[in-house]
Amino acid sequence: MLDAKLLRQDPESIAKRLAVKGVQFDVAAFLALDEQRKALTVDMQELQNTRNVKSKGIGKAKAQGEDIAPLLAEVESLKAQLAEAEAKQAAVQSQIDEILMGTPNVPADDVPAGNDEDDNVEVMKWGEPTAFDFEPKDHVDLGEQLGLDTETAANIASARFAVLKGGLARLQRALTQFMLDTHGAEHGYTEVYVPYIANADSLRGTGQLPKFEEDLFAIRRGEDEVPFYLIPTAEVPVTNMVRGKIVEDKELPVKMVAHTPCFRSEAGSYGRDTRGLIRQHQFEKVELVQLVRPQDSWAALEELTGHAEAVLQKLELPYRKVILCGGDLGFSAAKTYDLEVWLPGQQAYREISSCSNFESFQARRMQARWRNPETNKPEPPHTLNGSGLAVGRTLVAVLENHQQADGSVVIPEALRPYMGGLEVLAP
RNA sequence: GGAGGGGUGGCAGAGCGGUUGAAUGCACUGGUCUUGAAAACCAGCAAGGGUUAAUAGCCCUUCGAGGGUUCGAAUCCCUCCUCCUCCGCCA
């Protein structure tokens, strides 16, 4: 949620920055609505004040044993008037809330302009696209021999699910453990286990709702029940751990890592990446979440991105780092780095991690606070998160980059302890 | 699934229709005292919104959430959420 105060003070500059994201913010309409809200609020509050004063008078009179009938008559018409004034005010207020909840975060100053992923800017590159002295296969062809079975998964559920068997299943588990251990032991994150189902308040808190409900899997217990949602990322449960809470300064920075499955309906992406594991309804991800003091968040974004990069480097996977342009930036993010791993099967760099600073946007939506020791007042902290990494896509990258001519796959050294010492995964 | 008891300020915990936004304690902030600290004492200490030059005053809202009764609700009624205790069931 945008800072309503800031929006009132300087709507023009916010509108200008939102334009970088391709969002037209109607400043005039917002200000007009806000003027209405103020006027109606004053009307309503005057009536409330009258009611309060008169009611207190009645209380006093009664205590002194006076006749309160004339006072009651005086107050009679007030009730209806007040109800009307409150309804008017509430109507305008809810329009304003809708705008505030539906408006994305403003991009940081150094976010490049652009419409889509083609306008993202490469920041750095690690390693070179893997060279082969044979024609490399993609992960689907490699996986067929190693235990990837999408047909069985379709039989169980539908398209865009996968069954992994044997060594491949173990490789995915090894990757997960390796990532959790790396972030826990080397990068100072606390491992957390969280629910995979979240309520609507949580999804509003991180920004998936109200605008992106079609991307989620909703579940209802009964027809009339409010829905719960399968989490699309661990960002939702982990960040919402502090929803409605006040965090003490000495507890910051909070750094948490969680492994969860992620569920995405992938509505609107029919026909894209239909082959293999790249775009699934269910996939595993190790997620990094940080809660930091506002002044520390930009340094924290660099640090957190580095933590994700460390995993790619240990797995000897070539990648590049891009900064997302305004048009490709997510709803809640102020700035995002994507890490894109080289996939020989596609001869392309593909997203494997997305690391974002949300500044106070999520904290304000979920009313998370920290007590600023300088003012002793509660203020929204800054939140960040990043994939560290998407496990399914990492599995793809390991298979494709470390494949050999005979269809076997060399296990990266860092992973071998998690594979019982296995050096090569063969059919 | 059954029975019962709770949810109040940063925390603990009173209040159970009427000058209660809320006693008291702890924590926190400032002051007195002290060489310094502690103790003691004094004072302050919720958030959001409106008005305003104002982080001054004044006003409004908020006692789990939402509805209702009433001139007036933290206090009464209804629904929901949530926590705890006991029984049953279960991994």
Side-chain angles (χ1 to χ4, degrees), chain A residues 1-9 30-97 99-101 193 195-205 209 219-229 237 240-252 254 291 360 363-381:
Chain A
M1 188 162 65
L2 296 180
D3 186 344
K5 244 181 224 165
L6 212 67
L7 200 50
R8 283 173 199 129
Q9 278 167 11
F30 177 80
L31 290 180
L33 212 52
D34 198 46
E35 281 309 310
Q36 261 189 68
R37 176 189 62 93
K38 283 186 188 178
L40 290 171
T41 301
V42 170
D43 289 350
M44 177 186 75
Q45 292 189 351
E46 276 172 3
L47 285 166
Q48 285 172 331
N49 182 237
T50 307
R51 178 204 59 195
N52 291 347
V53 168
K54 298 220 168 184
S55 289
K56 277 187 184 175
I58 292 173
K60 270 192 218 171
K62 205 177 170 189
Q64 289 166 12
E66 291 168 18
D67 180 18
I68 58 171
L71 293 171
L72 286 179
E74 222 177 290
V75 133
E76 209 183 271
S77 64
L78 213 56
K79 221 180 167 182
Q81 281 181 53
L82 184 56
E84 195 189 333
E86 284 176 340
K88 274 190 191 166
Q89 198 273 349
V92 171
Q93 184 67 55
S94 80
Q95 282 183 61
I96 289 175
D97 290 345
I99 291 173
L100 286 175
M101 284 304 276
Y193 169 80
Y196 301 159
I197 292 175
N199 59 33
D201 282 343
S202 292
L203 285 139
R204 268 191 289 274
L209 290 180
I219 42 180
R220 276 163 230 269
R221 282 183 285 195
E223 276 301 307
D224 312 326
E225 306 274 346
V226 293
F228 289 87
Y229 299 90
N240 274 284
M241 283 169 72
V242 294
R243 175 156 53 84
K245 296 227 165 83
I246 295 181
V247 178
E248 291 305 323
D249 182 64
K250 61 175 186 281
E251 296 173 61
L252 298 181
V254 174
L291 187 76
S360 58
R364 194 171 294 110
R365 284 168 87 95
M366 66 177 81
Q367 292 184 59
R369 322 281 191 82
W370 74 300
R371 202 171 279 283
N372 185 344
E374 283 174 27
T375 58
N376 212 26
K377 296 275 182 201
E379 296 173 18

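Just so we're on the same page: letters track the sequence lines, and every chain starts at 1.
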Side-chain donor/acceptor of [X] to backbone N/O of [Y], under 3.5 Å:
{"X": "A/N199", "Y": "A/S202", "result": "yes"}
{"X": "A/R371", "Y": "A/N376", "result": "yes"}
{"X": "A/S55", "Y": "A/N52", "result": "no"}

What is the distance, rounded to the nearest whole Å, between atom [atom1] of [X] and atom [atom2] of [N]?
{"X": "A/E374", "N": "B/U29", "atom1": "CD", "atom2": "P", "result": "14 Å"}
{"X": "A/K245", "N": "B/G10", "atom1": "NZ", "atom2": "C1'", "result": "14 Å"}
{"X": "A/R243", "N": "B/G64", "atom1": "CZ", "atom2": "C1'", "result": "13 Å"}
{"X": "A/E248", "N": "B/A27", "atom1": "CD", "atom2": "P", "result": "14 Å"}
{"X": "A/K62", "N": "B/G17", "atom1": "NZ", "atom2": "C1'", "result": "9 Å"}
{"X": "A/E86", "N": "B/G66", "atom1": "CD", "atom2": "P", "result": "14 Å"}
{"X": "A/Q93", "N": "B/U62", "atom1": "CD", "atom2": "C1'", "result": "14 Å"}
{"X": "A/R51", "N": "B/C60", "atom1": "CZ", "atom2": "C1'", "result": "9 Å"}

Can you confirm whether the side chains of [X] and [Y] place a donor and an acceptor under 3.5 Å from each other?
{"X": "A/T41", "Y": "A/R37", "result": "no"}
{"X": "A/Q48", "Y": "A/E86", "result": "yes"}
{"X": "A/D97", "Y": "A/Q93", "result": "yes"}

If we take the [atom1] atom in both [N] and [M], what is their distance in whole Å?
{"N": "B/U35", "M": "B/U29", "atom1": "P", "answer": "24 Å"}
{"N": "B/U82", "M": "B/C90", "atom1": "P", "answer": "24 Å"}
{"N": "B/G15", "M": "B/C86", "atom1": "P", "answer": "26 Å"}
{"N": "B/A73", "M": "B/G66", "atom1": "P", "answer": "15 Å"}
{"N": "B/A22", "M": "B/G13", "atom1": "C1'", "answer": "12 Å"}
{"N": "B/U55", "M": "B/U19", "atom1": "C1'", "answer": "29 Å"}
{"N": "B/C83", "M": "B/A43", "atom1": "C1'", "answer": "38 Å"}
{"N": "B/G72", "M": "B/U62", "atom1": "P", "answer": "13 Å"}

Completion exercise
With B for base contact, S for sugar-phosphate-only contact and - for none (protein heavy atoms under 4.0 Å), nucleotides 46-51 of chain B reads -S-BSS
Completion exercise
Whichever of A/K54 and A/Q48 has the more 5' nearest nucleotide on RNA chain B, that residue is A/Q48
Practice task
Report the residue (A/F228 or A/I58) whose heavy-atom-nearest nucleotide on RNA chain B is the more 5′ of the two.
Solution key: A/I58
Practice task
Using Watson-Crick or G-U wobble pairs with both distances under 3.5 Å, give me RNA chain B in dot-bracket, 5' to 3', with [ ] for crossers and | for pairs to another strand.
Solution key: ((((((((.[[[..)..(.....]]].(((((.......))))).((((((.....)))))).[[[[[..)....]]]]])))))))....
Heavy-atom pair of closest approach, residues [X] and [Y]:
{"X": "A/P381", "Y": "A/A368", "result": "CD-O, 3.3 Å"}
{"X": "A/E251", "Y": "A/V254", "result": "O-CG2, 3.5 Å"}
{"X": "A/A61", "Y": "A/I68", "result": "CB-CG2, 4.0 Å"}
{"X": "A/L100", "Y": "A/A4", "result": "CD1-CB, 4.1 Å"}
{"X": "A/M101", "Y": "A/R365", "result": "O-NH1, 3.1 Å"}

Exercise for the section: Enumerate the residues from residues 71-83 of chain A whose closest heavy atom to RNA chain B is under 4.0 Å, giving them by residue number; use none for an empty result. Expected result: A/L72, A/V75, A/K79
Handout entry: Pair A/E379 + A/R369: basic N to acidic O under 4.0 Å
Key = no
Practice task
Confirm from the modelled atom types if A/K56 and B/G18 form a donor-acceptor pair under 3.5 Å, side chain to base only.
Solution key: no
Handout entry: Neighbour count above 12 (heavy atom, 6.0 Å) for A/Q64 CD
Key = yes
Exercise for the section: For A/N52, report the nucleic acid contact type (base, sugar-phosphate, nothing); a contact means any heavy atom under 4.0 Å. Expected result: sugar-phosphate
